[in-house]
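Below: one structure, written as structure tokens.
The structure displayed is predicted, hence computed values, not measured ones. One-based numbering along the sequence shown.
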Amino acid sequence: MENVETKKRVFSAIQPSGMLTLGNYLGALKNWTLMQDEFDCLYAVADLHAITVRQEPAKLREQIRSTFALLLAVGVDPEKSPVFLQSHVAEHSQLAWLLNCYTQYGELQRMTQFKDKSQKHADNINAGLFTYPTLMAADILLYQADLVPIGQDQKQHLELTRNIAERFNMTYSPTFTIPEPYIPKVCARVMSLQDPTKKMSKSDENVNSWIAILDKPDDIIRKVKRAVTDSEACVRYGEGKEGVNNLMSIYSACTGATYEQIEAEFAGKGYGDFKAAVGEAIVETLRPVQERYNQIITDKAYLEELYAKGADSARHIARKTVAKVMRKIGYV
Ligand code: TYM
């Protein structure tokens with residue numbers, strides 16, 4: 001019998017804007033690495049997405065390199081999963097344009113990330129910021145992805161991607177695979193340590209509100225110690241306890257303990273003991289990542305070799321999709 005490739009396709013990407021956070025790691029990157037054996041994965045640094053806000057050239061270059069190295073450090077294995085820079089595969093821009101013409105103004109206007117970012121960058125509400133989700137749809141649809149590992153905040157963009165794909169398929173004939181989000185049960189939305197009603201984000205000006213994957217152990221311990229909790233002084237998961245809930249979910253993701261086990265472990269103890277344990281658990285989770293990162297980041301030749309290899313593999317698939325899409329639309 002013919003040996004048919006049956007593994008499902010996985011695609012995801014991450015922006016190279018600044019330091020990556022514990023939220024990026026627990027919400028998305030951890031799954032990227034866990035999915036590699038079961039699925040046929042491709043991962044990208046979304047460097048085209050990064051310029052919807054102003055970037056300083058030298059800094060952007062550094063951040064792209066650092067983000068790529070960090071993907072390898074968290075455990076993305078380029079032998080199993082091609083990793084590449086979005087800007088190296090021109091088909092992303094090409095398909096994004098085509099999909100723009102199958103995306104409604106009103107749909108883009110409803111995107112909460114657009115609303116948030118246009119408030120934050122009121123002096124630069126560029127067309128790229130507005131059409132950002134169609135570029136993201138192109139990223140996913142180019143590879144005919146079945147599953148997209150993301151955190152909760154990207155779910156709306158994935159729903160739009162599905163709508164665009166379905167619309168195109170209906171207008172012509174089946175062309176795109178309709179992708180499903182793959183969101184972790186715990187830590188789908190890691191919250192700010194200073195305001196646990198807000199998402200942990202690297203763009204938060206208060207550095208105590210977020211933990212970078214590359215933060216030093218002392219800084220991690222200190223930030224967790226300062227995390228906002230409540231006055232109940234009881235480690236339990238519940239309503240009105242957003243700060244404690246957030247720390248419990250981080251602890252659960254880092255140690256594998258269930259909420260019941262965490263409540264039992266800290267029964268009768270105060271938040272001081274709990275926060276110390278959460279800090280340690282994060283440090284231990286990130287330690288091997290930081291060690292690998294420090295080895296990889298200095299090896300420029302190795303990184304460059306991987307950029308090229310990853311982009312070649314990606315391009316091979318992306319070209320076929322673009323050719324198919326153009327044929328369906330009616331290009332000569
Ligand atoms: P980005 O770069 O903001 O974030 C990368 C991934 O990290 C997740 N994430 C979080 N998860 C849990 N808690 C948090 N506090 C947290 N912060 C971030 C995000 O959900 C995301 O999965 N538009 C995307 C990048 C992108 C993309 C794609 C993703 C471009 N093309 C195609 C998937 C498929 C973004 O800005 O993610």
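Distance CD1/I150 to NE2/H157: 10.0 Å, rounded to 0.5 Å. To the nearest 0.5 angstrom, L26 atom CG is 7.5 Å from L286 atom CG. Rounding to the nearest 0.5 Å places NZ of K324 at 13.0 Å from CD1 of I329. Annotation: the span from L70 atom CG to I14 atom CD1 amounts to 7.5 Å, rounded to 0.5 Å. Note that the SG atom of C101 and the CD1 atom of I164 stand 11.0 Å from one another [nearest 0.5 Å]. Note: E242 CD to T197 OG1 = 7.0 Å, rounded to the nearest 0.5 Å.
Two different hydrophobic clusters hold I317 and V76 under the rule that ILVMFWY side chains link at heavy-atom gaps under 4.5 Å. Linking ILVMFWY residues whenever their side-chain heavy atoms come closer than 4.5 Å, directly or via other members, places V148 and L95 in the same cluster. Tracing side-chain contacts under 4.5 Å through hydrophobic residues (I, L, V, M, F, W, Y), one never reaches L142 starting from L147; they form parts of separate clusters. Residues V53 and I51 are members of separate hydrophobic clusters, defined by side-chain heavy-atom contacts under 4.5 angstrom among Ile, Leu, Val, Met, Phe, Trp and Tyr. Cluster membership for L34 and V83, using ILVMFWY side-chain heavy atoms within less than 4.5 angstrom, is not shared.
Checked options N126, N124, L129; the residue passing with S118 is L129 (criterion: side chain to side chain contact (heavy atoms under 4.5 Å, CB included)). Just one residue in the list N100, T161, T103 forms a side-chain hydrogen bond (donor to acceptor under 3.5 Å, both in side chains) with T134, and that residue is N100. Put simply, the residue from M326, R319, K320 that forms a side chain to side chain contact (heavy atoms under 4.5 Å, CB included) with V322 is M326. For the pairing with D219, the side-chain hydrogen bond (donor to acceptor under 3.5 Å, both in side chains) check across K216, R222, K223 returns one residue only, R222.
The stretch residues 8-27 participates, sequence neighbours left out, in these ring-ring contact (aromatic ring centres under 6.0 Å, His included) pairs: F11-Y143. Residues in residues 176-234 take part in these ring-ring contact (aromatic ring centres under 6.0 Å, His included) pairs, two or more places apart or across chains: F168-F176.
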Go through the steps to decide whether F266 and Y271 satisfy the test ring pair (Phe, Tyr, Trp, His ring centres under 6.0 Å), and finish with yes or no. CA-CA 9 Å; F266 295 97; Y271 288 156; 10.0 Å; no
Can you list the steps and then say if Q109 with Q104 is a side chain to side chain donor-acceptor pair (under 3.5 Å)? CA-CA 9 Å; Q109 235 180 357; Q104 297 304 303; over 6 Å; no
For S209 and K198, run side-chain contact (heavy atoms from CB on, under 4.5 Å): C-alpha distance rounded to whole Å, both residues' side-chain angles, the deciding distance at 0.1 Å, then the answer. CA-CA 10 Å; S209 73; K198 271 184 12 195; over 6 Å; no
Test side chain to side chain donor-acceptor pair (under 3.5 Å) on D139 and Q86 and set out the steps. CA-CA 8 Å; D139 298 341; Q86 185 190 29; 3.0 Å; yes
Go through it in stages, so that I can follow the logic: the residues are D37 and K80, the test is salt bridge (Lys or Arg N to Asp or Glu O under 4.0 Å), and I'd like the CA-CA distance, side-chain angles, deciding distance and then a yes or no. CA-CA 8 Å; D37 287 323; K80 292 182 193 157; 3.1 Å; yes
Trace of the side chain to side chain donor-acceptor pair (under 3.5 Å) decision for Q36 with S81: CA-CA 7 Å; Q36 293 183 105; S81 326; 2.8 Å; yes
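Between the side chain of T171 and the backbone N or O of R167 there is at least one donor-acceptor pair closer than 3.5 Å. The backbone N or O of A212 sits less than 3.5 Å from a side-chain atom of D215, completing a donor-acceptor pair. At least one donor-acceptor pair under 3.5 Å links the side chain of Q144 to the backbone N or O of T177. Remark: the backbone N or O of Q290 is paired with a side-chain donor or acceptor of N294 at under 3.5 angstrom. Checked by atom type and distance alone, the side chain of R315 never pairs as donor or acceptor with a backbone atom of A90 at under 3.5 Å. Side-chain atoms of D299 never come within 3.5 Å of backbone atoms of I296 as a donor-acceptor pair (strictly under, hydrogens ignored). At least one donor-acceptor pair closer than 3.5 Å links the side chain of S12 to the backbone N or O of P149. Between the side chain of K199 and the backbone N or O of Q152, no donor-acceptor pair lies under 3.5 Å. The backbone N or O of S173 sits less than 3.5 Å from a side-chain atom of T175, completing a donor-acceptor pair.
At a threshold of 4.0 Å, the pair R9-D40 counts as salt-bridged, since one of the basic side-chain nitrogens sits closer than that to a carboxylate oxygen. Between E284 and R287, at least one side-chain nitrogen of the basic residue sits less than 4.0 Å from a carboxylate oxygen of the acidic one, meeting the salt-bridge criterion. A salt bridge is defined here as a Lys NZ or Arg NE, NH1 or NH2 lying under 4.0 Å from an Asp or Glu carboxylate O, and K155 with E159 meets this definition. A salt bridge is absent between K309 and D312; no separation between the charged side-chain nitrogens and carboxylate oxygens falls under 4.0 Å. For the pair K8 and E180, the salt-bridge criterion is not met [side-chain N within less than 4.0 Å of a carboxylate O].
When side chains are defined from C-beta on, S87 counts as touching L48, because their heavy atoms get closer than 4.5 Å. In this structure, the side chains of I213 and M19 stay at 4.5 Å or more apart for every pair of heavy atoms. Within the 4.5 Å cutoff, no side-chain heavy atoms of N245 are placed close to those of P196. Using a 4.5 Å cut-off on side-chain heavy atoms (C-beta onward), P179 and R162 make contact. Residues L247 and Y251 fail the side-chain proximity criterion, which asks for heavy atoms closer than 4.5 Å. Residues T67 and L20 are in side-chain contact: their nearest non-hydrogen atoms beyond the backbone lie under 4.5 Å apart. Side-chain contact between H49 and M136 is present, with heavy atoms from C-beta onward closer than 4.5 Å. By the 4.5 Å heavy-atom criterion applied to side chains, L141 and T321 are not counted as neighbours.
Residues A188 and I183 approach most closely at CB-CG2, 3.4 Å, considering heavy atoms. Considering all non-hydrogen atoms of both residues, A281 and T255 come closest at CB-CG2, 3.9 Å. Summarising the geometry of I262 relative to A257, their closest heavy-atom pair is CG1-CB, 3.9 Å, with the distance given to 0.1 Å. Counting all heavy atoms, side chain and backbone alike, R110 lies closest to K115 at O-CE, 3.7 Å. When all heavy atoms are compared, the tightest approach of L72 to R292 is O-NE, 4.3 Å. Shown here for A311 and V89, the closest heavy-atom pair between the two residues is O-CG2, 3.9 Å.
Between the side chains of S249 and Y237, no donor-acceptor pair of N or O atoms lies under 3.5 Å.
Atom NZ of K241 sits in a crowded spot, with more than 12 heavy atoms from other residues, nucleotides or ligands closer than 6.0 Å. Counting heavy atoms of neighbouring residues, nucleotides and ligands inside a 6.0 Å radius, atom CD of E38 does not exceed 12 of them. Within 6.0 Å of atom NE2 in H121, more than 12 heavy atoms from other residues, nucleotides or ligands are found, so the atom counts as buried in its surroundings.
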